[in-house]
Amino acid sequence: MTPFGEAVRRLRARKGVSQKEMAEALNVSPAYLSALEHGKRGLPTFDLLQRIAGYFNIIWDEAEELFLLARSSDPRVVIDTSGLPPEYTEFANRLARQIRNLDSAEIGRLSALLENGGKGDGKAS
């Protein structure tokens, strides 16, 4: 499941609607909505994101957060390393091969490193 899928699931639970009811209201198939929630589909269109926000009648700040989650939830990521040194391309490919083997603590450490602009977290190892 993606962060976007989790957010949609929480919104559905809060409203008390099933995937089937939501899909019907948004004029999409229940199978598509399920695949979207489970991260088996690419990013939803901006039009669909707007319909989802309208369906849940969420305020602008919450809608903007939902849109940001959608952008960071594409399950098929492409990393463009053209023009970068060879070790960058090697790293991107190694990450693609190994990501399924990383535990949540390792993902947390890598995320913290990225949040800090690659400068580490300031803690001694």
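Hydrogens, waters and symmetry mates are skipped; everything else that's a heavy atom, side chains included, is used. Just so it is clear, the model here is predicted, and its values are computed rather than measured.
Enclosure of atom CG in Asp47 by more than 12 non-hydrogen atoms of other residues, nucleotides or ligands within 6.0 angstrom is indicated.
The backbone N or O of Leu69 lies less than 3.5 Å from a partner atom in the side chain of Ser73, making a donor-acceptor pair. In terms of modelled atom types and a separation under 3.5 Å, the side chain of Gln98 and the main chain of Leu95 share no donor-acceptor contact.
Counting heavy atoms from C-beta on, the side chains of Tyr32 and Pro44 come closer than 4.5 Å. For the pair Asp103 and Ile107, the minimum side-chain heavy-atom distance is 4.5 Å or more. Proximity of Phe4 to Leu36: side-chain heavy atoms (C-beta onward) are separated by under 4.5 Å at one or more points. Side-chain contact between Thr81 and Glu87: absent, with no pair of heavy atoms (C-beta onward) separated by less than 4.5 Å. A 4.5 Å side-chain heavy-atom check between Arg97 and Arg94 finds at least one atom pair inside the cut-off.
If you take CD1 on Ile79 and CZ on Phe91, they are separated by 8.0 Å, rounding to the nearest 0.5 Å. Note: Asp61 CG to Leu66 CG = 12.5 Å, rounded to the nearest 0.5 Å. Note that the CZ atom of Arg41 and the OG1 atom of Thr2 stand 13.0 Å from one another [nearest 0.5 Å]. Note that CD of Glu115 and CG of Leu110 are 12.0 Å apart. Values are rounded to the nearest 0.5 Å. The CZ atom of Phe67 sits 12.5 Å away from atom CG of Leu43, with the distance rounded to the nearest 0.5 Å. Atom CD1 of residue Ile99 and atom CD of residue Glu106 lie 11.0 Å apart, to the nearest 0.5 angstrom.
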Check your understanding: Can you list the steps and then say if Met1 with Lys40 is a side chain to side chain contact (heavy atoms under 4.5 Å, CB included)?
Key -> CA-CA 8 Å; Met1 183 165 295; Lys40 296 183 188 321; over 6 Å; no
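Taking the charged nitrogens against the carboxylate oxygens, Arg12 and Glu21 have no contact shorter than 4.0 Å, which rules out a salt bridge.
Between Pro30 and Gln19, the shortest heavy-atom distance links the atoms O-OE1, 4.4 Å.
For the pair Lys15 and Tyr55, the cation sits on the ring face: its NZ or CZ lies under 6.0 Å from the ring centre, inside 45° of the axis.
Between Phe56 and the options Arg51, Met22, Glu62, a side chain to side chain contact (heavy atoms under 4.5 Å, CB included) holds for only Met22.
With no hydrogens or angles considered, a side-chain donor-acceptor pair links Asp80 and Ser82 at under 3.5 Å.
Residues Ile58 and Phe46 share a hydrophobic cluster, clusters being chains of Ile/Leu/Val/Met/Phe/Trp/Tyr side chains in contact below 4.5 Å.
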